S.K.: 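The structure's right below; bear with me while I get my questions together.
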Amino acid sequence: MISSPRCELINENYTAAATACDNNRKGFALTNFFCMMFLFGLSLLIVPSGSNSLKAMEKPVVLATTLGAPGGIYKCFESCIERHFTIVPYERFVQRKEQFAARIQALFVWGTSIKVDRELLQSLPNLKAVVNGGVGVDHLDIPLINSFGVKVSNTPHVVDNATADIGMCLMLASARRIVEGHNFSKFRESDEFPETTLGTDVSGATLGIIGMGRIGYKIAKRAQGSENEEKSVGATYCVSMDELLQKSDFIMVVVNLSPQTHKLIGAKEFAMMKPNSTFINISRGLVVDQDALVEALQKKMIRAAALDVTYPEPLPRDHSLLSMPNVIVLPHVGTHTMETSQLMVKRMVTNALAALTGDQLPDEVKA
Ligand SMILES: O=CC(=O)O
């Protein structure tokens, strides 16, 4: 077991983790950039549906981008928003800007579904808040948005469990070659599963978590399954990032994207990993040097990779990562459960209402 000075383990604001990150990537002093190793048992070292006109509208008007395809699952959440607001779908806004622009008071965005740039901000003179569904706000230029007198919020806390779950799913699925087995069963070209390689045990393995904020902690809980901060989860703070990379069987990246974490994991880091290790990314694609990841896999410096996030998203169809049987790639669905999405929409509504009444936004993200 390895120990280092105790850090503030649970960071109440996930986004603050980046700010708190050590700027000095060289030598990897991990002051606030929580890095854990576990030995665990798994030992851890619109528009309102009918009307086109806004004349008769009494509720405040918000601009909303669709979650998924237009008319897709986002529809389920409209009623939650429409209880308080009249929704102008972004697609409609684009066609009839002059009709809607002056009335819009809040902008509901999901990740990169819409570019909140100067041009858009200039076109919305009465905008008070950009409410983001999800915790990561790396796609938003907060200083720019704030310079228009517009506040920004995200949805921390409510995404933690779903995101931790996807990390565990990816770890288990990669370790036990679930996707390969599934693809063989469904699409097989011969009747023999190509056991050119075997899976690897999760029980008794060491999981290194890079980014010990709320989500990292939830992952630790799942991996260990017991009770009191790091002790309870069987965690040991690494003295250094190098140590984590060298000793972990599974390395899971959970940091948010910031200038300090951009390409945090690159050739040097992959070179330190064990040949039987599995690399898992549930944060943002740009936290990893993807070319270095491809090379590490091609040269068998690591066993496998499992990614919920890439850059770009989705990857081009001919991207090397997509043709590797030992790589799982998901389309960034870490928070995509019905329950979590519903909680996110509720938080977005709460934040938008606060902005409109001039109250403090409960989840305001400051630059
Ligand atoms: O990617 C998901 C989020 O930022 O919550």
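Being a predicted model, the structure only gives us computed values, none of them experimental. Start at 1 and go down the list; that is how both ligands and their atoms are numbered.
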S.K.: Does atom CD (E98) have a neighbourhood of more than 12 heavy atoms from anything else shown, all under 6.0 Å?
M.R.: yes

S.K.: N/O of G136 under 3.5 Å from N/O of ligand 1, yes or no?
M.R.: yes

S.K.: Under a 4.5 Å side-chain heavy-atom rule over Ile, Leu, Val, Met, Phe, Trp and Tyr, are M344 and M338 clustered together?
M.R.: yes

S.K.: Does R284 reach ligand 1 with a nitrogen or oxygen that is under 3.5 Å from one of the ligand's nitrogen or oxygen atoms?
M.R.: yes

S.K.: List every atom of ligand 1 that sits less than 4.0 Å from any heavy atom of V135, numbering the atoms from 1 in the order shown and giving each element.
M.R.: 3 (C), 4 (O), 5 (O)

S.K.: Could you work out, with side chain to side chain contact (heavy atoms under 4.5 Å, CB included) as the rule, every residue matching P275, not counting sequence neighbours?
M.R.: none

S.K.: Residues in side chain to side chain contact (heavy atoms under 4.5 Å, CB included) with L286, at least two apart?
M.R.: L257, H262, Y311

S.K.: State the atoms of ligand 1, each with its element, that fall below the 4.0 Å cut-off from a heavy-atom position in H332.
M.R.: 1 (O), 2 (C)

